[in-house]
Amino acid sequence: KENFENQRETVKEERRKSYDNRPYARAFLRMNDLAFENFPKVWVGYEHGDQKGEKSTWVHGIAIDPGNTGEFGAIPQFWEVDYGSDRVYAGLSIDMGAGWNWDLLPEYEWVRGDQDLTDFINNSAGNLVNTRFKKYVYDHDMFTFNTVARGPICTDKLDLEVGYHYHKVWNENNAEGRAVAGVSGPLIEKALNFLNNEHRSDAYMHRFFLEATWQAHEKVTAWAGFQYRNGLSDNDSTRIEDGSSELDSNGPLVPDETWYYDTENFERGWAESLGVEIRAITRTKIVLKAEFEQIDVDYDWDANIVYAPETLGLAGQRGIDAAGDAGDWAWEDTGSYLKYTPSVDIHNDCADWLKSHLRYKYVYRDANHDEDLDVAETKPADPDYTITNAALVQFFYPGTIEDTARETHDVRWQLTIDPAEWVTVRPRTGYTYTTNNVDAQTIEERISLTQSWMYGINVELRPCEALTATTDAYWRNGHT
């Protein structure tokens with residue numbers, strides 16, 4: 001022990017001579033730590049992904065009888081997809097001192113690929129009416145920039161977060177479609193066939209947000225947030241339809257008419273949120289939240305339909321002039337959308353092995369449209385596309401966008417039970433009640449009521465540290 005003490009005193013004396021008793025020597029010991037204490041953190045990355053394969057599904061509730069008899073049923077669909085995506089991202093995080101931190105997060109992603117879709121459409125008798133083939137080619141680019149600053153203000157009990165988000169998207173997509181008649185007769189809806197459908201879009205979105213969190217009491221936390229956003233979506237497309245289906249749906253595709261679309265949507269919106277978390281009751285946490293959102297969108301849509309009379313020999317027939325002009329659309333509208341969402345969450349730790357979560361959420365949505373211009377010139381070659389045909393206007397006429405008001409009440413309850421260290425059981429139940437009121441050009445008023453019930457259970461097993469097995473089952477029943 002005496003030898004150990006002698007060695008320790010020797011080390012202490014060496015430190016006193018080298019650092020403690022020398023001017024500025026201790027400052028040099030701290031220099032490296034202080035130099036890199038608030039040094040910015042930088043990172044970059046790259047990701048590549050591929051999606052290849054096949055899938056099938058059933059689409060329910062679609063009119064499957066082209067004779068417009070009102071028959072509804074299911075359409076089996078088959079997809080074959082081949083996508084490739086690349087993403088480059090970077091980040092910069094700066095510690096500005098006094099508890100404040102500033103992050104910059106740019107990102108760029110591009111997607112290339114194609115998708116083949118096949119529909120098998122039957123009539124009400126179950127006979128195959130047609131088989132529809134579509135091919136989509138995607139060319140998608142997206143740039144995203146985020147910056148956010150966080151830190152305390154005035155006091156350690158009040159934190160502020162302020163940020164900006166920018167989103168830019170470019171698209172150039174192409175599609176081709178072909179419907180082949182089945183055993184039940186010739187194809188009736190010729191619009192299923194198109195030689196080419198080119199679509200180009202350029203869209204951006206700015207979003208500014210601010211949120212303050214106040215630790216009012218050791219058992220009470222409150223927060224409030226505000227955000228503003230505006231964006232523009234500019235789209236133009238060219239669709240060349242096939243005219244051969246009127247005579248021979250299985251024959252070669254023949255250019256019939258060309259649709260030129262030009263649409264511009266300008267969006268601006270505001271959102272506010274309030275919340276409070278209360279922990280005054282033993283083993284209980286109550287969270288009250290309310291969110292309000294308002295969005296206004298200015299729509300400016302134009303369309304021009306031109307026939308190919310020199311191809312079909314239709315010049316001078318059915319009101320088509322020699323240039324093939326067959327009518328135009330012009331539609332200007334301002335849409336206002338409101339959403340109000342208050343909710344209550346009650347979390348209770350009833351016991352060490354039992355937890356309860358009860359939630360009630362109310363959602364009110366309202367959409368109203370104020371048309372400034374609504375013009376559809378008669379299309380002599382195909383009067384089905386005019387506003388006078390109420391049966392088909394909902395598929396082809398832009399001015400039929402609906403005014404809606406929807407209310408939803410949603411109640412959910414879940415228990416978390418830990419009967420042993422290696423098992424967790426989570427039974428849950430829920431009830432949803434929705435009313436929906438629709439008012440449109442072709443529908444004077446339609447009110448629907450929907451109720452649904454859900455019961456489910458989740459079981460998690462942990463037989464050892466390296467293995468977790470989970471199974472989940474639920475039952476849902478709805479009535480409209």
Side-chain angles (χ1 to χ4, degrees), residues 61 165 167 203-211 223-235 263-276 287-301 329-345 359-376 387 390 393-412 430-454 476 478-480:
H165 171 86
H167 191 76
Y204 70 82
M205 177 67 71
H206 299 277
R207 184 170 68 93
F208 305 87
F209 59 91
L210 173 70
E211 182 172 300
W223 63 90
F226 171 80
Q227 65 173 272
Y228 169 77
R229 72 187 191 197
N230 71 69
L232 177 68
S233 174
D234 191 0
N235 305 269
T263 66
E264 184 177 274
N265 305 327
F266 178 72
E267 175 183 328
R268 56 200 176 277
W270 303 261
E272 300 86 26
S273 61
L274 294 171
V276 61
V287 181
L288 307 175
K289 293 190 295 185
E291 299 176 352
F292 178 80
E293 183 177 9
Q294 177 179 344
I295 301 175
D296 294 329
V297 183
D298 294 329
Y299 299 94
D300 187 356
W301 293 8
W329 280 343
W331 185 64
E332 296 179 5
D333 174 82
T334 299
S336 297
Y337 307 89
L338 298 176
K339 183 180 179 181
Y340 173 57
T341 311
S343 64
V344 179
D345 287 81
R359 185 193 73 181
Y360 167 74
K361 186 177 182 180
Y362 171 78
V363 181
Y364 174 78
R365 295 182 177 91
D366 183 84
N368 291 287
H369 290 267
D370 183 14
E371 290 185 329
D372 299 318
L373 177 66
D374 192 345
V375 176
I387 187 62
V393 66
Q394 56 182 317
F395 299 107
F396 301 109
Y397 190 68
T400 189
I401 290 182
E402 304 168 335
D403 292 338
T404 62
R406 175 180 294 184
E407 292 183 89
T408 301
H409 301 267
D410 185 80
V411 181
R412 301 294 173 94
Y431 171 75
T432 303
Y433 180 82
T434 300
T435 61
N436 192 38
N437 191 314
V438 176
D439 187 7
Q441 288 185 349
T442 58
I443 304 173
E444 183 175 354
E445 186 176 38
R446 180 180 66 218
I447 300 176
S448 61
L449 309 176
T450 302
Q451 299 181 75
S452 65
W453 299 262
M454 186 273 294
R476 185 187 302 274
H479 175 72
T480 301

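- Within the 4.5 Å cutoff, the side chain of Thr341 has no heavy atoms near those of the Lys289 side chain.
- Rounded to the nearest 0.5 angstrom, His167 NE2 and Met205 CE are separated by 8.5 Å.
- Between the side chains of Tyr360 and His409, at least one donor N or O sits under 3.5 Å from an acceptor N or O.
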- Task: Would you please test Lys361 and Asp345 for salt bridge (charged side-chain N to carboxylate O under 4.0 Å, His left out) and show each step?
- Result: CA-CA 9 Å; Lys361 186 177 182 180; Asp345 287 81; over 6 Å; no
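- Between Glu291 and Ser273 the shortest heavy-atom distance is CG-CB, 4.0 Å.
- Between Glu267 and Leu232 there is no side-chain heavy-atom pair separated by less than 4.5 Å.
- Side-chain contact between Arg406 and Thr408: present, with at least one pair of heavy atoms (C-beta onward) separated by less than 4.5 Å.
- For the residue pair Ser233 and Asn265, no side-chain donor N or O sits within less than 3.5 Å of a side-chain acceptor on the partner.
- Between Thr432 and Arg412 there is a side-chain heavy-atom pair separated by less than 4.5 Å.
- Summarising the geometry, atom OG1 belonging to Thr435 is positioned 6.5 Å from atom CG belonging to Leu449; distances are rounded to the nearest 0.5 Å.
- In this structure the side chain of Gln227 never reaches within 4.5 angstrom of the side chain of Glu211, judged on heavy atoms.
- Under the rule for a side chain to side chain donor-acceptor pair (under 3.5 Å), Arg476 has no partner lying at least two apart in sequence or in another chain.
- With a 4.5 Å cut-off on side-chain heavy atoms, Ile295 and Arg229 count as touching.
- Leu338 places a side-chain heavy atom less than 4.5 Å from the side chain of Phe292.
- Distance check: Tyr340 OH to Tyr362 OH gives 8.5 Å after rounding to the nearest 0.5 Å.
- Judged as a side chain to side chain donor-acceptor pair (under 3.5 Å), and not counting sequence neighbours, the contacts of Asp366 are Tyr364, Asn368.
- A centroid separation of less than 6.0 Å is found between the aromatic rings of Tyr337 and His369.
- His206 meets the side-chain contact (heavy atoms from CB on, under 4.5 Å) test with Tyr164, Tyr166, Tyr204, Phe208, Asn230; sequence neighbours excluded.
- To the nearest 0.5 Å, atom OH of residue Tyr228 and atom CZ of residue Arg207 are 13.5 Å apart.
- With 3.5 Å as the limit, one finds no donor-acceptor pair spanning the side chains of Asn436 and Thr434.
- Considering only heavy atoms from C-beta on, Tyr431 comes within 4.5 Å of Gln451 through its side chain.
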